[in-house]
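Residue numbers start from 1 in every chain, and the chains themselves are labelled A, B, ... in the order their sequence lines are given, proteins ahead of strands.
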Amino acid sequence: MDFTYDDEQGALREAVRGLVARTYGEYENRRRTVASDPGYDERLWGQLAEMGLLGLPFGEDDGGSGATWVEAAIVLQELGRVLAPEPYLTAVVQAGGLVADVGTAEQRAELLGGLSSGERLLSFAHASRRWSPSASGVTASQDGDTWTLQGRIDAVPQGANADVLIVSAETPAGTGLFVVPGDAVERSGHATYDGGRSARVVLGGVAATPLGDAGADQTSAIAAALDRTIVLGANEALGIIEQQLVDTTAYLKSRKQFGVTLNNFQALTFRAADMYTSVELTHSLVAWATMVAASVAAGERDSEQLSDAAARVAVQLGTAGRHVGQEAIQLHGGIAMTAEYRVGAGTSRLTYLEHLAGDRGHHLNELAAVVADHGALDPLAASVLGSAPVTAEVGS
Amino acid sequence: MDFTYDDEQGALREAVRGLVARTYGEYENRRRTVASDPGYDERLWGQLAEMGLLGLPFGEDDGGSGATWVEAAIVLQELGRVLAPEPYLTAVVQAGGLVADVGTAEQRAELLGGLSSGERLLSFAHASRRWSPSASGVTASQDGDTWTLQGRIDAVPQGANADVLIVSAETPAGTGLFVVPGDAVERSGHATYDGGRSARVVLGGVAATPLGDAGADQTSAIAAALDRTIVLGANEALGIIEQQLVDTTAYLKSRKQFGVTLNNFQALTFRAADMYTSVELTHSLVAWATMVAASVAAGERDSEQLSDAAARVAVQLGTAGRHVGQEAIQLHGGIAMTAEYRVGAGTSRLTYLEHLAGDRGHHLNELAAVVADHGALDPLAASVLGSAPVTAEVGS
Amino acid sequence: MQLQLTEEMQAFREEMRTFFTTQVPQEIRDVVLQGRELSRDQIVQSMQILNAAGLAVPHWPSEWGGRDWTDLQRHLWNEEMQAAGVPAPLMFNAGMIGPVIAHFGTPEQKQEFLPKTANCDIWWSQGFSEPDAGSDLAALRTTAVRDGDDWIVNGQKTWTTLGQYGDWIFTLVRTNPDVKKQAGISMLLIDMRTEGLEVRPIELIDGGHEVNEVWFTDVRVPGANLVGEVDGGWTIAKFLLGNERVGVAPVGATKQALARAKRICADLIAEDPLLRARIVELENELLALELTALRVVAHSAGGEPHPASSVLKLKGTELQQAVTELVVDLAGPAAFALGDDEASDEAWFRRSVPTYLNFRKASIYGGSNEIQRQIISRGILGL
Amino acid sequence: MQLQLTEEMQAFREEMRTFFTTQVPQEIRDVVLQGRELSRDQIVQSMQILNAAGLAVPHWPSEWGGRDWTDLQRHLWNEEMQAAGVPAPLMFNAGMIGPVIAHFGTPEQKQEFLPKTANCDIWWSQGFSEPDAGSDLAALRTTAVRDGDDWIVNGQKTWTTLGQYGDWIFTLVRTNPDVKKQAGISMLLIDMRTEGLEVRPIELIDGGHEVNEVWFTDVRVPGANLVGEVDGGWTIAKFLLGNERVGVAPVGATKQALARAKRICADLIAEDPLLRARIVELENELLALELTALRVVAHSAGGEPHPASSVLKLKGTELQQAVTELVVDLAGPAAFALGDDEASDEAWFRRSVPTYLNFRKASIYGGSNEIQRQIISRGILGL
């Protein structure tokens, strides 16, 4: 078990950090970027593509870079640190990941190739009840080889700008996935509270191509995509809370009240210490879950382990993200309430990330349903749930 | 609505405070008293009787003082403040209250008269699953006019010392209540962690007299007795946490570390402020619930309101009692871990009180089951649940 | 001890409830109950309706429109107002500068300002905080220098809530830089149309425009606009902030918000035991808080404020924030969608996160919760 | 990054697990797993079994029984030991005075004490804290004055854990009252049978006798029993306390206690969604803590301790306490009953509250959690 980056990963981190700092090192640039459509910097997106970062987790045969989710996580941490609004999580991790898992070789080459090169922006258009992997609200009808989609999706990330939508829809087999060109649908975009972009997409009988096997039930693939979105999104969140702690600490050292800097008030410094504790514990759990995701993707572990890890990360992030995000504002005081200052925007983005693919309460209920099925958790075993030490059964 | 004591209640409080201070003002006396059987001071018990305090909530016809649960609550707060181990809560409130509610006029006169005069110690012997009002583990059999009881009760308060046991038992009608002389049963007493006394009582076919109507189902009377025990026990707990706050504050002002008194450390004083907040909020809720109990006893309100108020107090006490009890120890540091010092004993007693008649989790589940049945709570209405403001239904 | 309200107080409560729910337009109250943003006109209209009925400034001296109510009456008035979704009378007018002028003002100032203040004919803004004088208010640096009978004001205020609507601003300024910082402060009333005064918006993290910076560049203020003594402003500030903190817990509005959330999300709540338990905990804490407010008002008649009143702001804002956080979780991914109709549940979901973010201010403004803890630990516990 | 243990480390872990679960008597391990009190003999017996296998003091220098393990190996050894219910090697011997003597002792002291210390032939006690020197240890007042080659010790120590079993006590004493308080402290090794030394029990709030006062009245200590330099004791104390704090989270034992609670109370938990959620939260926090410990040990090889190691004690004790609190709630009224058979579930219920009360110490002793927060805020965050 090893939590350290190898040299290549370390270099990747430095490269991404340097790149995004040039665009968003000044927070005002981020503020300006999200103020007008498309809500991110297309030049930076192109640079990410040039560096091979948009294709990181995809195979080289599919036009990707052949790295793993660990490398994608490194990118997301750095994006989080500067609150970069680029749609890496939704386009690369969520939509791209689905295409990689489900698409035919041809689809993968076309869609992931286009995504990786920065030419095609993908988005996952999924209408469902509160993070269910099953589609509801969009129906697919088949007529010979032709599929058409009918229905509405309320909040498609970057939906008004995406070149390709991966749409989930109810089919006789369960939930299917379909490829629809972005400009073939009716879509009305709007800004979300975190500065991102979302769109209502109305599908009025649009023609669609099945992603992967026509007629197959893709519910479990969608579930895996949601789980991965949680785990990778938690890496973005980790970057945010790490930076919020840095910002808060710096503020406490520089801001004066009652004639002294705020770090003279022990009640405040102890709360900063508690933030540190939350950040470090989150760091550990997120790193572990990311390794689980990579391990599952490599076929070394069962997909249930991804689902378990994602749920655990969601629970942790729901606690620590709020703790740090709220305390960062409170310890800054009024200045953090302003849009000019990045701490509040971080808390806003954390809130988005918490609710994107399944929140704390949702996953707490899910974990609670099976809590009696295992003994003590063991992260050093082949499955964290699988091997309660024998001693758990002795001694009573 | 009025939370202040009238002159008579104020005088009662001062009288009780003065009386118990003479016995337990020095904490060492409390420690000595609980170290040997019966675990309380029989002389003080006699003085409480002489002052009419053991019969406070009972009618004058029954040998009581004809006051209300509000006055009993005043006594309990003062007992709590000095951690008096006298079994007021279990003998007077719980067992006595049951006799008052259920007993025949003759039984009331005999038992409550004896209780009030200090001649008879009563105890409620109730075997049930986790605070259920229904008996389980003891069975009553009828043969003509003769009832006999069979079974075991694991933890009867002051069970080895009580003159009269009020025993719950399964009957064909549900749960019945029976009067059994203490010396007619097999009983083995032991100390409980809070310094109190408990006993295992084994009923090997002992003859018993029905309390009140022979053969009636007394489940709801038992439920009311448990609810009252929570509300009145919360008054004892309130006395404890108020005193713990006083003790903690005094300690922070006097104890030196690193050359200065502890109140120079803002992280500690802010935590004391949070303790104060918990104490004051608890004070308000406990006072309200006590008034509800008195109002229900006076027939002015439905018994459901007692049940609701008891549940709310249990939830509040479960949070605030732990908060204050744990912080009191932590802010004192090592000294509070010692048996010589009263803060830790307070936390121990708080733990007992929380678990005596239904704890936080138990009542949180109960309240959660009906949370959708009302709008906003309204303590100024005829029922806190009953009259959601009309505005709750407009505006959407 | 008495559980029931007296009959008289029951009748009073009923009277308030009837007035608020029948005399203030439903469309204004809906804006409040749904957590939307009130317009300037709606706030003024509502306050004028209250003022016409003698319900805008009941705590002022009776000669200026006060009602000589008990604290309990004022509590009931306030709670019923919140429960009905009636916008509270503009705090800067009714709660801040009005009582100050009534207490410290000259007869001319009273005559000139109090009726217009009660009726919101003047919209007041507050000019206290500065970039380097927040919790440490006495560190303020905006100066006023004598020029004949006038004062010349230079400097900058910040966090001026709704300053974009303001007609006049009551301002703390430094009139003597050579003495202990509290001793050199005065209060001036400044017409916001005066040359050299500029209001600049501050965008908040919820995207809204609620607070402002106010810049003063050689702003000339007539000497008659000084309130109280020269260099006596700190006493006035303490008087004003003291009024602000006593007995103010936003219980009624928080209760309404929670009840509303329960109703709108009934299906979700029915499925989820953890959400139900969380709601029970919030309801219970709100009940304890409301009872504490009642205990305080019943006890403080004609004397010092009850010590427990310090917990009202602290706990009140915590619960206010906790309810906004609950609503965020109830909304979940629905908060990402576009709710077109502002009055719809969908729009309420969409507003959930901006509201949550906006209410982070509640524990910062108006005496931060750290200041409240200090008041409790020093002032009450003597630590 | 690597999720799996290497094969070598898997084998090492398996070796530890096998040893602990087969070579240490079940009856001793049951006492630990059930949260009962170990006897002196059981602690000594267990440590001697470990020592015979080279598993008692693996972190000591290799010439005195150390194993030159990596931090990960030491972590696995410790966790498996806890998981199996094996009593940890007596901390005062293995974790405190042993490393001190090995580092600061004379060759004679090493020869004399280290083998007996590793084998628990000497039971060491700790004489650091005093009634007025707790978190502020340097304020200690017990004095040692030269008398020829000897020292004469007077004063009082407190919180001496298991001092009733002690053969020797390592003691911080003031040898120079005239300098800065840290600069006048020395460390003496004192035979507890020396005349003038008295151990007095302190009863704790759980009713147990776990700590003691140790009184010194003209206790004569040979000069050869001084460790390190005269007046150099503070350096030794910092060395010792530093060892104590690095990488010590009681994760394994807490996990066992939680798993045990789940098993014993399975029926109750099956009925109660709030209990289930609470257990999930605890398991999750324990997982995050264990992963943090692993992150720290993987990272600290041959250098400074990883900064995150400071959270291990802080969070570790909080979770330890939270699990004892959970068990209190699971036991509920069953804690009032008399469980006759110490090994029964009933007795485990009965012990729940004493255990809960006893573990309040965890956040006070060994560097209180306030001290930990200070280490984090000052040492790591630079505040």
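Per-residue heavy-atom pair counts under 4.5 Å with chain C were compared for A/T192, A/V343, A/T338, and the maximum is reached by A/T338. With chain C as partner, the option from A/G344, A/S198, A/G334 having the largest number of non-hydrogen pairs under 4.5 angstrom is A/G334. Put simply, of C/A133, C/A337, C/G134, the one with the most heavy-atom pairs under 4.5 Å next to chain A is C/A337. When each of A/G195, A/A155, A/A345, A/G325 is checked for heavy-atom pairs under 4.5 Å with chain C, A/A155 comes out on top. Taking chain C as the reference chain and counting heavy-atom pairs below 4.5 Å, the highest number among A/A368, A/G358, A/S188, A/G333 is found for A/G333.
Remark: the backbone N or O of C/F336 is paired with a side-chain donor or acceptor of A/H190 at under 3.5 angstrom. For C/R373 (side chain) and A/A267 (main-chain N/O), no donor-acceptor pair under 3.5 Å exists by modelled atom type.
The shortest non-hydrogen separation linking A/W131 to C/P333 is CZ2-CD, 3.2 Å. Residues A/H355 and C/V328 share a closest heavy-atom pair of CE1-CG1, 3.5 Å.
Atom CD of C/E37 sits in a sparse spot, with 12 or fewer heavy atoms from other residues, nucleotides or ligands closer than 6.0 Å. Within a 6.0 Å sphere centred on CZ of C/R141, heavy atoms belonging to other residues, nucleotides or ligands number 12 at most. Summarising the local packing, CZ of C/R200 is surrounded by more than 12 heavy atoms from other residues, nucleotides or ligands at distances under 6.0 Å.
With a 4.5 angstrom heavy-atom cutoff, C/E271 touches chain A only via side-chain atoms. Within the 4.5 angstrom heavy-atom criterion, atoms from both the backbone and the side chain of A/L356 approach chain C. Using a 4.5 Å cut-off between heavy atoms, A/R271 touches chain C through its side chain atoms alone. Interface residue A/R129: only side-chain heavy atoms are found under 4.5 Å from chain C. Interface remark: A/R31 contributes side-chain atoms only to the contact with chain C (heavy atom separation under 4.5 Å). Contacts of A/A191 with chain C are absent, with no heavy-atom separation under 4.5 Å from either backbone or side chain. Heavy-atom distances place both the backbone and the side chain of A/S348 under 4.5 Å from chain C. Residue C/A138: no heavy atom, backbone or side chain, is found under 4.5 Å from chain A.
Within the 4.5 Å cutoff, side-chain heavy atoms of A/N365 are placed close to those of C/L274. Looking at heavy atoms from C-beta onward, C/L204 lies out of side-chain contact with A/E340 at the 4.5 angstrom threshold.
To the nearest 0.5 Å, the span separating CD on C/Q321 from CD on A/Q326 amounts to 7.0 Å.
Against chain C, the residues from residues 251-265 of chain A that qualify, each with a non-hydrogen atom under 4.5 angstrom away, are A/R255, A/Q257, A/F258, A/G259 in number order. Taking 4.5 Å as the heavy-atom cut-off, the residues of residues 354-364 of chain C that approach chain A are C/P354, C/Y356, C/L357, C/N358, C/R360, C/K361, C/S363, C/I364, ordered by number.
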Checklist entry - For C/R350 and A/Y193, what are the C-alpha separation, side-chain angles and deciding distance, and is it a side chain to side chain contact (heavy atoms under 4.5 Å, CB included)? => result CA-CA 8 Å; C/R350 177 173 54 71; A/Y193 57 80; over 6 Å; no
Item to check | Residues A/D154, C/L338; criterion side chain to side chain contact (heavy atoms under 4.5 Å, CB included); working and verdict | outcome: CA-CA 7 Å; A/D154 271 331; C/L338 179 67; over 6 Å; no
Checklist entry - Passes side chain to side chain contact (heavy atoms under 4.5 Å, CB included), A/D359 versus C/D329? Steps please. => result CA-CA 8 Å; A/D359 77 355; C/D329 291 326; 3.8 Å; yes
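Between the side chains of A/H362 and C/D272, no donor N or O sits under 3.5 Å from an acceptor N or O.
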